[in-house]
Amino acid sequence: MSLRVVQLKTEYIENPLGLDEKQPRLFWRLESPERGAAQSAYRVLVASSREALDRHEGDQWDTGKVASDRSIQIVYEGKPLVSEGRYYWKVQAWDAQGRPSEWSETAFWTMGLLDRGEWKAGWIGRKTEANVAMQPSPFVRKSFAIEGRVARATVYATALGLYDLRINGEKVGDLFAPGFTDYDKRVQVQTYEVTHLLTEGDNAVGAVLGDGWYCGTVGFLGNKVYGERPFFLLQLHIELADGTKRIVATDASWRTTRGPLQYSDMIKGEAYDARLELDGWDRPGFDDSGWERPDVRPGYNGLLTASIEPPVRITETMKPISVRRTESGTYIYDMGQNMVGWTEVKARGARGTKLTLSHAEMLNPDGSLYLDNLRVAVQQDHYILKGDGLESYEPHFTFHGFRYVELIGYPGEADLDTIVGKVIHSDTPRTGRLRTNDAMVNKLYSNIVWGQRGNFLSVPTDCPQRDERLGWTGDAQIFARTASYNMDVSRFFTKFMWDMIDAQQPSGAFTDVAPDAGWIRHKMWNTRLNWFAPDNAGWGDAGVVIPWTLYLMYGDTRVLETHYEAMVRWVEYLKANSDELVRPNYANYGDWLSIDADTPNEVLATAYFAYSAKLLSRIAGVLGNQEDEAHYNGLFQDIAAAFRRAFVDGEGRIRGETQTVYVLALQFGLLEDGLRDKALQHLTDNIRERGDRLSTGFLGVGYLLPALTDSGELDVAYALLTQEAFPSWMYSIKHGATTIWERWDGWTEHNGFQTPSMNSFNHYSLGSVGEWMFRYMAGIEADPAQPGFRHAIIRPRPGGRLTEAQAEYESLYGPISTDWKLSPDGRFRLTVRVPAGATATVFVPGAEVRAEASPSAGSGDPSVFEIGSGEYLFESFIRPSEA
Ligand code: BGC
């Protein structure tokens with residue numbers, strides 16, 4: 001038996017609960033010790049009970065033996081799925097020789113409440129307290145008795161705001177649920193299995209509610225963007241051993257009060273008075289007779305949808321690397337890493353003692369916290385001790401971006417054990433690893449990953465510290481490919497696409513920020529901030545780029561189908577708002593934060609318009625819509641021609657003459673053959689004239705090294721990668737960066753800190769070079785014809801001062817890796833690993849290629865190989881000048 005079927009997933013995750021997808025997609029992995037392992041057929045059984053499945057009865061769906069090599073994105077086509085249904089499934093696969101595998105282990109998924117009518121619960125909240133500026137976080141609770149043994153209990157919960165759910169004293173679920181959506185349109189519902197938490201007899205369920213994005217401060221948009229105060233909705237479905245069913249739901253019979261949380265706001269921090277703790281409030285037997293009746297909200301007009309986004313969690317605990325006592329008696333800790341999350345502190349002291357934890361990314365020259373770049377954000381948490389021994393505190397509904405923590409008011413001597421940092425983000429599983437022989441390149445990669453960890457919190461945010469933290473679409477699209485190498489962002493970006501759709505304007509324009517957060521509604525772009533247009537070039541295009549990225553990386557065609565119309569509306573909107581296919585010179589963000597190189601708006605916008613049209617044509621092709629494929633390809637050609645007419649002269653010079661105009665024109669394919677070489681020459685001249693330095697901003701930077709490499713200028717790409725003089729990636733690293741900075745000049749030797757009004761030290765956009773590291777340096781590239789790494793294109797590019805690189809990408813098929821070494825004598829060794837069920841074409845650089853595989857018959861090139869799964873070694877010789 002050669003194949004094993006493992007790691008069954010439904011909708012990208014193992015055993016998901018509460019889906020509302022009526023045709024969920026199934027995934028599995030194949031394992032085999034043999035090379036070239038492939039699946040020739042499969043059979044999926046889905047049953048409505050474990051017992052039926054054990055008897056090999058697919059009473060829901062039995063595909064029979066299907067001749068197919070597909071093991072991802074298998075769309076369920078069995079009997080209709082019902083509300084609260086539990087479905088068990090397993091797979092058998094046949095290998096290339098027709099040998100069957102054993103049946104896989106059993107996996108399952110459950111459905112949520114599919115019909116709005118099944119929601120009996122009311123939305124409960126607590127009335128606003130008079131004369132209190134920052135409202136305390138409401139506690140809500142209910143006691144109930146269960147007569148009989150619990151066979152199964154499931155919670156369906158959500159909030160307009162945030163909730164922290166407790167059952168019988170135990171925390172249920174994760175952080176920042178239900179996540180950030182446009183609450184006027186939808187809110188995500190979480191499903192939890194809680195059978196083990198309930199007992200026969202007395203039980204209690206409760207929650208603490210936070211303001212979150214619903215009514216707390218959102219970026220610089222102020223508070224109460226969606227509503228006045230938080231509301232909570234819960235249904236606990238209990239099934240007893242004797243088959244009796246009952247529901248405990250939020251309604252007027254619950255009780256509410258204020259507790260120790262004086263306020264907790266994403267942007268303004270938290271205040272917690274431990275003297276006001278409600279001991280035992282989340283356990284049965286607690287006397288809540290003094291609590292108030294909740295306020296029940298009439299209803300909610302938005303959609304209740306099953307949670308798509310990965311839960312937000314604490315993924316790591318960090319110990320400080322140093323602490324210093326200041327003259328004023330406070331302590332300043334260095335966490336050694338610019339991180340996002342919060343601090344937990346332990347203290348022992350007199351009742352009423354007040355502690356403050358203040359957070360900052362940098363220090364001022366005098367060693368104090370650099371707080372200027374926070375704008376109106378207050379990254380401070382306050383804790384008042386109750387005075388009963390060792391107390392420990394960590395916040396609830398706020399988060400901070402920081403490397404330094406100042407502990408103020410600590411009773412006694414604080415040391416390195418007094419605090420820890422908790423790293424918090426959307427828990428998207430890590431899929432990428434990358435290492436080279438160069439410590440600075442490794443640090444750059446580490447900074448890119450930390451930038452992602454720090455900014456993927458429910459939505460892809462721009463930064464985690466100042467009063468912003470919004471789902472900026474331009475940042476998201478330029479970083480999406482890098483992000484998807486680093487971590488499994490399938491569900492994260494699937495969710496974000498809904499945010500973009502919810503924000504899409506009636507005109508078809510995609511917005512700069514999603515969820516729109518009241519921005520457009522408040523017509524902010526029309527008044528105070530008139531340059532925040534809903535259709536910014538490189539921002540709105542995220543609506544096309546992100547689905548395409550999900551297709552490439554995960555073979556996800558559903559996201560393309562689902563949002564096809566929206567993408568068409570975007571491209572049609574751009575067309576309708578162009579002058580003979582040239583986009584106007586309106587005030588867009590341009591190549592945001594480029595350095596000393598202004599790309600003209602109309603050039604940038606027309607280039608992106610062409611790119612969106614081109615991607616749309618390819619997407620139409622994937623969906624089998626040949627008419628649209630041809631139509632939008634024609635449109636792309638026409639835009640490219642218009643671009644050349646309007647902006648390119650006979651010498652290949654492009655209006656603006658910035659690196660970005662050349663990079664975009666090359667990368668988007670806007671130039672004809674004769675012009676391409678000339679444009680490339682202008683680009684490399686520009687780089688050279690600047691002393692081998694870049695000048696690109698957010699939009700140019702992601703394509704800079706790919707465009708150079710694709711055009712045969714690998715050495716220039718490496719020179720830029722490892723450049724240490726300002727401006728460069730390595731410049732920040734030389735000056736201690738542990739994350740990617742918002743701006744090339746966030747801090748410089750000549751000017752110190754940039755203007756504090758916009759100077760984040762944790763912004764991932766300029767880290768979009770991570771994509772180049774995987775695709776080009778390590779050479780692990782997706783093949784659009786067989787997406788999701790069913791077929792990979794392996795083409796490593798040794799160069800610059802690198803002599804070694806190892807990268808691994810955990811695809812849906814399993815890990816794909818490359819490991820190369822270049823010896824001083826020019827000997828090049830490359831090891832490639834491909835998972836079962838996948839294949840790859842390997843391009844080996846250099847001459848005198850020797851391989852454990854035979855050259856690809858089709859290519860006629862002795863350095864190109866077709867391989868199946870397994871590990872293969874390739875050797876060649878690269879003369880130093882070729883490297
Ligand atoms: C944000 C961005 C964003 C930009 C738009 C900034 O304030 O931090 O990253 O894309 O505005 O120009």
Side-chain angles (χ1 to χ4, degrees), residues 180 217-222 266-267 338 340 361 372-377 379 401 447-448 451-452 454-457 459-480 482-483 496 499-500 503 509-520 524-525 528-543 545-546 586-595 597-601 604-605 608 660 696-702 732 739-746 753-769:
F180 188 10
T217 315
V218 179
F220 45 71
L221 301 168
M266 302 236 173
I267 301 284
N338 195 9
V340 176
E361 292 184 294
D372 299 353
N373 69 338
L374 300 181
R375 303 198 303 219
V376 311
Q379 298 207 100
N447 291 3
I448 291 168
Q452 183 167 348
N455 281 296
F456 277 30
L457 197 146
V459 300
T461 66
D462 55 332
C463 59
Q465 72 300 86
R466 67 176 178 233
D467 57 341
E468 193 139 352
R469 315 182 194 184
L470 295 170
W472 283 98
T473 52
D475 307 41
Q477 70 88 3
I478 205 69
F479 190 68
T482 300
F496 187 59
D499 298 330
M500 288 209 64
F510 281 123
T511 54
D512 303 351
V513 158
D516 146 38
W519 178 288
I520 302 289
M524 291 185 83
W525 85 96
R528 188 162 67 88
L529 307 160
N530 68 2
W531 43 296
F532 290 136
D535 62 353
N536 250 295
W539 270 254
D541 301 282
V545 174
I546 290 175
Y586 68 109
N588 61 30
Y589 304 125
D591 184 24
W592 189 243
L593 300 179
S594 58
I595 192 107
D598 286 335
T599 291
N601 295 329
L604 185 110
Y608 257 99
T660 292
T696 46
F698 281 21
L699 297 185
V701 69
S732 70
T739 35
I740 300 291
W741 295 353
E742 176 174 28
R743 346 176 44 125
W744 298 113
D745 57 356
F753 288 119
Q754 242 290 2
T755 166
S757 60
M758 235 193 58
N759 200 18
S760 146
F761 291 94
N762 198 354
H763 239 75
Y764 52 64
S765 296
L766 300 181
S768 51
V769 65

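Order of appearance sets the numbers: ligands from 1, and atoms from 1 within every ligand.
- Note: Y764 and F479 have parallel aromatic rings, judged against thresholds of 30 and 60 degrees for the angle between ring planes.
- Under a 4.0 Å criterion applied to the non-hydrogen atoms of E468, ligand 1 contributes the atoms 1 (C), 6 (C), 7 (O), 8 (O), 11 (O).
- Less than 4.0 angstrom separates some heavy atom of H763 from each of these atoms of ligand 1: 1 (C), 2 (C), 8 (O), 9 (O).
- Under a 4.0 Å N-O distance rule, the pair R466/E742 qualifies as a salt bridge.
- By the salt bridge (Lys or Arg N to Asp or Glu O under 4.0 Å) test, R743 is found to be paired with D745, residues two or more places apart in sequence or in another chain being considered.
- Among T461, V218, D475, the one residue that satisfies the side-chain contact (heavy atoms from CB on, under 4.5 Å) test with L470 is V218.
- Of the heavy atoms in R466, only side-chain atoms (C-beta onward) come closer than 4.0 Å to ligand 1.
- Ligand-side atoms of ligand 1 in range of E742: 8 (O), range being under 4.0 angstrom from any heavy atom.
- The salt bridge (Lys or Arg N to Asp or Glu O under 4.0 Å) search around D499 returns K495, not counting sequence neighbours.
- Distances below 4.0 Å separate heavy atoms of D475 from the following atoms of ligand 1: 2 (C), 3 (C), 9 (O), 10 (O).
- Interface of F698 with ligand 1, defined as ligand atoms under 4.0 Å from a residue heavy atom, comprises 9 (O).
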